[in-house]
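Here's the structure we're looking at; comments come further down.
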Amino acid sequence: QVQLVESGGGLVQAGGSLRLSCAASGRTFSSYHMGWFRRAPGAEREFVAAIYFSGGITYYADSVKGRFTISRDNAKNTVYLQMDSLKPEDSAVYYCARLRGIWGSRSSSAFDDWGQGTRVTVSS
């Protein structure tokens, strides 16, 4: 189990960029696959991206592929989400979580240890 704290959200204009961070506590962070989800008002929580425990292998939701990049620094116990070419429909609360299910899972039920989230608002 890890404790996760997201940061880096804010207000940005359409076409702009933000980088979210997710800081993890615990010595075993580097052994976990990690992911990002988001929840827009009135919507279900939606998978965004995931990264292998050692980094370098990733998968993305089609809606963000080519615009968002997930990465991690295991020395800093942190996973990142670089968001470029932001659109108003990217506005949501973004959460990081640990993948406890099968690699490649996109369901929130396959993830655990959710952070409190960080809000991203993209203005048009």
Side-chain angles (χ1 to χ4, degrees):
Q1 186 175 4
V2 293
Q3 286 74 49
L4 302 171
V5 178
E6 302 92 338
S7 62
L11 174 64
V12 63
Q13 287 189 330
S17 298
L18 279 176
R19 188 173 85 152
L20 306 183
S21 298
C22 172
S25 63
R27 301 177 186 176
T28 55
F29 170 78
S30 60
S31 63
Y32 296 139
H33 309 319
M34 298 294 297
W36 284 96
F37 280 72
R38 66 186 182 187
R39 176 177 281 166
E44 297 288 323
R45 190 155 45 188
E46 174 191 21
F47 170 79
V48 174
I51 187 165
Y52 208 66
F53 74 94
S54 58
I57 305 174
T58 59
Y59 57 99
Y60 296 89
D62 288 344
S63 58
V64 306
K65 197 176 298 182
R67 299 188 299 121
F68 290 12
T69 304
I70 188 172
S71 62
R72 67 191 297 162
D73 185 338
N74 285 342
K76 295 182 178 179
N77 275 17
T78 302
V79 61
Y80 304 98
L81 186 67
Q82 176 67 41
M83 306 187 296
D84 299 318
S85 302
L86 282 161
K87 305 175 181 180
E89 52 264 42
D90 294 319
S91 296
V93 177
Y94 283 72
Y95 302 88
C96 64
R98 175 179 63 90
L99 175 61
R100 61 176 176 81
I102 298 172
W103 172 252
S105 297
R106 297 168 184 260
S107 170
S108 60
S109 63
F111 290 78
D112 210 345
D113 300 339
W114 298 87
Q116 85 292 344
T118 185
R119 184 175 300 277
V120 171
T121 303
V122 184
S123 63
S124 57

When you group the ILVMFWY residues by side-chain heavy-atom contacts below 4.5 Å and let the links chain together, are V120 and Y60 in the same group? yes
Looking at F47 versus F37, is the centre-to-centre ring distance below 6.0 Å? yes
Could you check whether any side-chain heavy atom of V2 comes within less than 4.5 Å of a side-chain heavy atom of N77, counting everything from C-beta outward? no
Reported CZ-to-OG1 distance for the pair R19 and T69, which is rounded to 0.5 angstrom: 11.5 Å
Would you find more than 12 non-hydrogen atoms of other residues, nucleotides or ligands less than 6.0 Å from Q13 atom CD? no
If every non-hydrogen atom of S21 is compared with every non-hydrogen atom of T78, which pair is closest and at what distance? CB-CG2, 4.2 Å
Do any N or O atoms from the side chain of S91 and from the backbone of V122 form a donor-acceptor pair under 3.5 angstrom? yes
From M34 CE over to I51 CD1, what is the distance, rounded to the nearest 0.5 angstrom? 10.0 Å
Test item: R45 and W114 side chains (from C-beta on) under 4.5 Å apart, heavy atoms: yes
Minimum heavy-atom separation for L99 and S105, please, with both atom names. CD1-CB, 4.1 Å
Enter the distance from R72:CZ to C22:SG here, rounded to the nearest 0.5 Å. 9.5 Å
Distance col, row T121:OG1 vs L86:CG, nearest 0.5 angstrom, shows 11.0 Å
Taking all atoms of both residues into account, what is the closest heavy-atom pair of W36 and V79, and its distance? CZ2-O, 3.8 Å
F53 with L81, same ILVMFWY side-chain cluster at under 4.5 Å: no
So CG of D112 and OH of Y32: to nearest 0.5 Å the spacing works out to 10.0 Å
May I ask you to test the E46-S63 pair for a side-chain heavy-atom distance under 4.5 Å? yes
Without swapping roles, check the side chain of E6 against the backbone of C96 for a donor-acceptor pair under 3.5 Å. yes
Is the count of non-hydrogen atoms from other residues, nucleotides or ligands lying under 6.0 Å from R119 atom CZ greater than 12? no
In Å, rounded to the nearest 0.5 Å, how long is the span from CZ of F111 to CZ of R106? 9.5 Å
Determine the minimum heavy-atom distance between G8 and L18, stating which atoms define it. O-CD2, 3.9 Å
Find out whether S109 and S107 are in side-chain contact, i.e. whether some heavy atom of one side chain is under 4.5 Å from a heavy atom of the other. yes
Please determine whether a side-chain nitrogen of the Lys or Arg among R38 and D90 lies less than 4.0 Å from a carboxylate oxygen of the Asp or Glu. yes
Pairs flagged by ring pair (Phe, Tyr, Trp, His ring centres under 6.0 Å) wherever residues 64-104 is involved - sequence neighbours left out: H33-W103, Y52-W103, Y59-W103
Can you name the closest pair of heavy atoms from S17 and Q82 and give their distance? CB-NE2, 3.9 Å
Got R67 and M83 here, is their nearest side-chain heavy-atom distance under 4.5 Å? no
Linked, directly or transitively: V93 and L20 (ILVMFWY side chains, under 4.5 Å): no
Greater than 12 external heavy atoms within 6.0 Å of Q116's CD: yes
